[in-house]
Structure formats: structure tokens, C-alpha cells
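Numbers here simply count residues along the sequence, with the first being 1. We use all heavy atoms of the structure for the numbers below, so side chains are in, but hydrogens, waters and symmetry mates are not.
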Amino acid sequence: MRISIIVPVFNEAQLLRSSLARLRERAPEAEIIIADGGSSDGTANLAVGFCDKVVTTGPNRAIQMNAGASTADGDILWFVHVDAEIPWDCLEEIERIMDDPNVAGGFFRIRLPQNLVYRLTDSFAHYAGILLRMRCGDHGIFCRRTVFVDVGGFPEVPLMEDVEFFRRVQGRGRVISSHKRIMVSPRRYETIGPVRLTLAYGLIAALYVLGIPLKKLAVIYKRTCCK
């Protein structure tokens, strides 16, 4: 069972090489693919020699991940954010989960730095995800290549492409939550404000479940979650 890790990036020159070094250290046997969205800071060039493959597309995360997956050699496709810190023994954990042929895919629970607001955010993300049957890309979603092809990859939508993809994978078999955790970078929380961003994410998730069009959600996201 070979695992391919697809990492979508855009203008991540500052942290790319340190992130790839950590990724290689903790997943030494995996194929690592950088899917660059047309960075202007040399990100794609910096990735050469620190990963197995580099693909370049336009700046759209769904397109980037689909392009990376199309070049992957692995039986299992694992989508990881560049600023995430994956757990030790992660490949063995994925292999354990995927050893069951009835399992279509899985994900990791996230962990944020230790303070009260981040603890609440972590718990909110976990239990809201269970209630709403949704997980975002920072959970490190993985699935069988056959399932990825069967569901058509990530839908090229304005927002929530990871949630839409996750729900489609759920329709193809069991999706298992790992007991291990991915450490999520707090950089967006620190930029926007942890309380504001947590509330914004909750609002967008609720509106998504209520069926608000993704184009409208994308507008709300840009107003509340970006600077």
C-alpha cells in the first residue's frame, strides 16, 4: 500500500522547505507532491529537490489538489496543508485504517496550540463535524485512489470544496477518524483574531448546512476570514 501526499500551496516560500523537511521526516516512505497555484514568490522552484513531484496550476485549491492527485502513484491519496504538522507514525496509522476494504477513507482530528480559545475551537470543530457530517481540509483527509476517481475528485466550487469532497467519500464507504492528531497552524487565527474566526467558521458551516449557495458563502468568507 503506497501513500501519496498532495500539498496545495500558494506563495509559501517562507515556510515551504521547513514544512517539507518535517513532512519527509515523519512520512519517509510516502510520495510527496507539491501542487502550486501559480505562486509569484518562487514557491514551486523552492520545492524542487524537497519533494517527489511539483505540478503547477492556477490559484484554485480544488484544481491544485486534483492536478496533484492525477500525477500520484499511490494507492492512497492524502491531502495535507503545508502549514500542518503531521503526527509521527502517520503512515502506519493510515495503513491500519485502510486495511479494511469497507473503508473508503479517513481523517485526523486537529490540535491547535494550548490556550482556552483554541481549545474551544478545537472542540467545536470536532463535535460540529460529527453533528453536521463534515470535515475540512485541515483534518488531513485521505482516501483510496479508486474512491477519488469514482467521486470525480474535488469539485471546482468557490468554497467548501473539501467538505463537498468529504461528503462524497462518505457515500462510497466508511470514513474513519484517526485517534492521532494533526497540529494545525494558528497563523490565520492570529491574523484575523481567534474569536472572530471561530464564529465566522461556525456561521459559514451553519449556512452551508441550510443550503445557502456556495458563491454567497465565498463572499461571506472573504469578508470575515480574510485580510
Side-chain angles (χ1 to χ4, degrees), residues 1-9 15-16 18-35 50-53 61 65 68-69 71-114 118-119 121-151 153-154 162-163 165-186:
M1 185 184 295
R2 191 178 189 199
I3 298 170
S4 294
I5 302 175
I6 295 96
V7 185
V9 295
L15 59 77
L16 181 71
S18 60
S19 295
L20 288 178
R22 183 171 59 244
L23 198 62
R24 180 65 75 190
E25 180 184 25
R26 299 191 178 191
E29 298 172 0
E31 177 186 42
I32 300 176
I33 301 170
I34 289 296
F50 286 78
C51 62
D52 297 292
K53 296 174 184 174
R61 184 165 287 185
M65 292 188 288
T71 70
D73 296 326
D75 310 298
I76 306 299
L77 305 179
W78 184 17
F79 300 91
V80 176
H81 287 183
V82 68
D83 57 0
E85 184 175 330
I86 62 174
W88 291 98
D89 300 320
C90 52
L91 299 185
E92 291 83 355
E93 174 71 355
I94 292 175
E95 289 173 354
R96 180 189 67 79
I97 290 172
M98 301 306 294
D99 188 55
D100 183 345
N102 295 313
V103 172
F107 62 94
F108 293 82
R109 186 171 175 181
I110 62 173
R111 184 186 299 280
L112 284 157
Q114 298 298 308
Y118 289 144
R119 284 175 183 266
T121 298
D122 182 10
S123 297
F124 170 79
H126 179 63
Y127 292 109
I130 293 174
L131 178 64
L132 303 177
R133 296 181 67 249
M134 55 192 288
R135 295 290 169 177
C136 296
D138 51 7
H139 284 268
I141 299 168
F142 54 89
C143 69
R144 300 186 191 279
R145 168 193 286 281
T146 52
V147 170
F148 182 87
V149 172
D150 190 34
V151 302
F154 287 87
D162 44 5
V163 175
F165 173 74
F166 180 80
R167 287 187 158 189
R168 293 180 184 185
V169 172
Q170 285 183 313
R172 296 301 188 276
R174 296 175 61 206
V175 177
I176 304 298
S177 173
S178 168
H179 68 276
K180 292 182 177 292
R181 293 199 182 204
I182 283 181
M183 179 68 76
V184 175
S185 169

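- Side-chain N or O atoms of Ser4 include none that pairs as donor or acceptor with a backbone N or O of Ala72 at under 3.5 Å.
- Here the closest non-hydrogen pair linking Ile182 and Pro87 is CG1-CD, 3.9 Å.
- Using a 4.5 Å heavy-atom cutoff, the side chains of Phe142 and Leu77 are not in contact.
- Residues Asp138 and Asp83 fail the side-chain proximity criterion, which asks for heavy atoms closer than 4.5 Å.
- Using a 4.5 Å cut-off on side-chain heavy atoms (C-beta onward), Phe108 and Ile94 make contact.
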Checking Arg145 against Ile76 for the side chain to side chain contact (heavy atoms under 4.5 Å, CB included) test, could you report, in this order, the C-alpha distance in whole Å, the side-chain angles of both residues, the deciding distance, and whether it holds? CA-CA 5 Å; Arg145 168 193 286 281; Ile76 306 299; over 6 Å; no
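- At distances below 3.5 Å, not a single donor-acceptor pair connects side-chain atoms of His139 with backbone N or O atoms of Arg109.
- Distance alone, capped at 3.5 Å, places no donor-acceptor pair between the Arg133 side chain and the Arg167 backbone.
- Salt-bridge formation is not detected for the pair Arg2/Glu29: no Lys NZ or Arg NE/NH1/NH2 atom is positioned less than 4.0 Å from an Asp or Glu carboxylate oxygen.
- In the model, His81 has a side-chain atom that pairs as donor or acceptor with a side-chain atom of Arg61 under 3.5 Å.
- The shortest distance between side-chain heavy atoms of Val80 and Ile6 does not fall below 4.5 Å.
- A distance-only check finds no donor-acceptor pair linking the side chain of Arg111 to the backbone of Arg181 [under 3.5 Å].
- Separation of atoms CZ (Phe79) and CZ (Phe154) is listed at 4.5 Å; rounding is to 0.5 Å.
- You'll find the side chain of Val169 reaches within 4.5 Å of the side chain of Phe165, heavy atoms only.
- Heavy atoms only, all atoms of each residue included: Cys51 and Ile34 are closest at SG-CG1, 3.8 Å.
- Annotation for Gly137 and Asp162: closest pair N-OD2, 2.7 Å, computed over non-hydrogen atoms.
- The line from CD1 of Ile110 to SG of Cys136 is 8.5 Å long, rounded to the nearest 0.5 Å.
- Residues Asp100 and Arg174 are paired through a salt bridge, judged by an N-O separation under 4.0 Å between the basic side chain and the carboxylate.
- Checked for salt-bridge contact, Asp52 and Arg24 meet the test: a charged N lies under 4.0 Å from a carboxylate O.
- Rounded to the nearest 0.5 angstrom, Cys143 SG and Phe166 CZ are separated by 11.0 Å.
- Using a 4.0 Å cut-off between a side-chain N of Lys or Arg and a carboxylate O of Asp or Glu, Arg144 and Asp75 do not qualify as a salt bridge.
- A salt bridge links Asp73 with Lys53: the distance from a Lys NZ or Arg NE/NH1/NH2 to an Asp or Glu carboxylate oxygen falls below 4.0 Å.
- Of the inter-residue distances, the one linking Leu20 atom CG with Glu25 atom CD reads 13.0 Å to the nearest 0.5 angstrom.
- Note on Arg96 versus Glu93: salt bridge recorded, some NZ/NE/NH1/NH2 to OD/OE distance being below 4.0 Å.
- Two residues are said to be in side-chain contact when any heavy atoms from C-beta on lie closer than 4.5 Å; Ile33 and Glu31 meet this criterion.
- Within the 4.5 Å cutoff, side-chain heavy atoms of Leu91 are placed close to those of Trp78.
- Here the CZ atom belonging to Phe107 is positioned 4.0 Å from the OG atom belonging to Ser177, to the nearest 0.5 angstrom.
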Go through the steps for Val175 and Val103 under the test side chain to side chain contact (heavy atoms under 4.5 Å, CB included), then give the verdict. CA-CA 6 Å; Val175 177; Val103 172; over 6 Å; no
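- Taking all atoms of both residues into account, the shortest heavy-atom contact from Leu112 to Ser185 is CD2-O, 4.4 Å.
- The NZ atom of Lys180 sits 5.0 Å away from atom CG of Asp89, with the distance rounded to the nearest 0.5 Å.
- Nearest heavy-atom pair across Ile5 and Leu23 is CG2-CD2, 4.1 Å.
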Before you tell me yes or no, could you show the steps for Ile3 and Glu95 under side chain to side chain contact (heavy atoms under 4.5 Å, CB included), namely the whole-Å CA-CA distance, both residues' side-chain angles and the distance that decides it to 0.1 Å? CA-CA 9 Å; Ile3 298 170; Glu95 289 173 354; 4.2 Å; yes
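- Between Val163 and Met134, the closest heavy-atom pair is CG1-CB, 3.6 Å.
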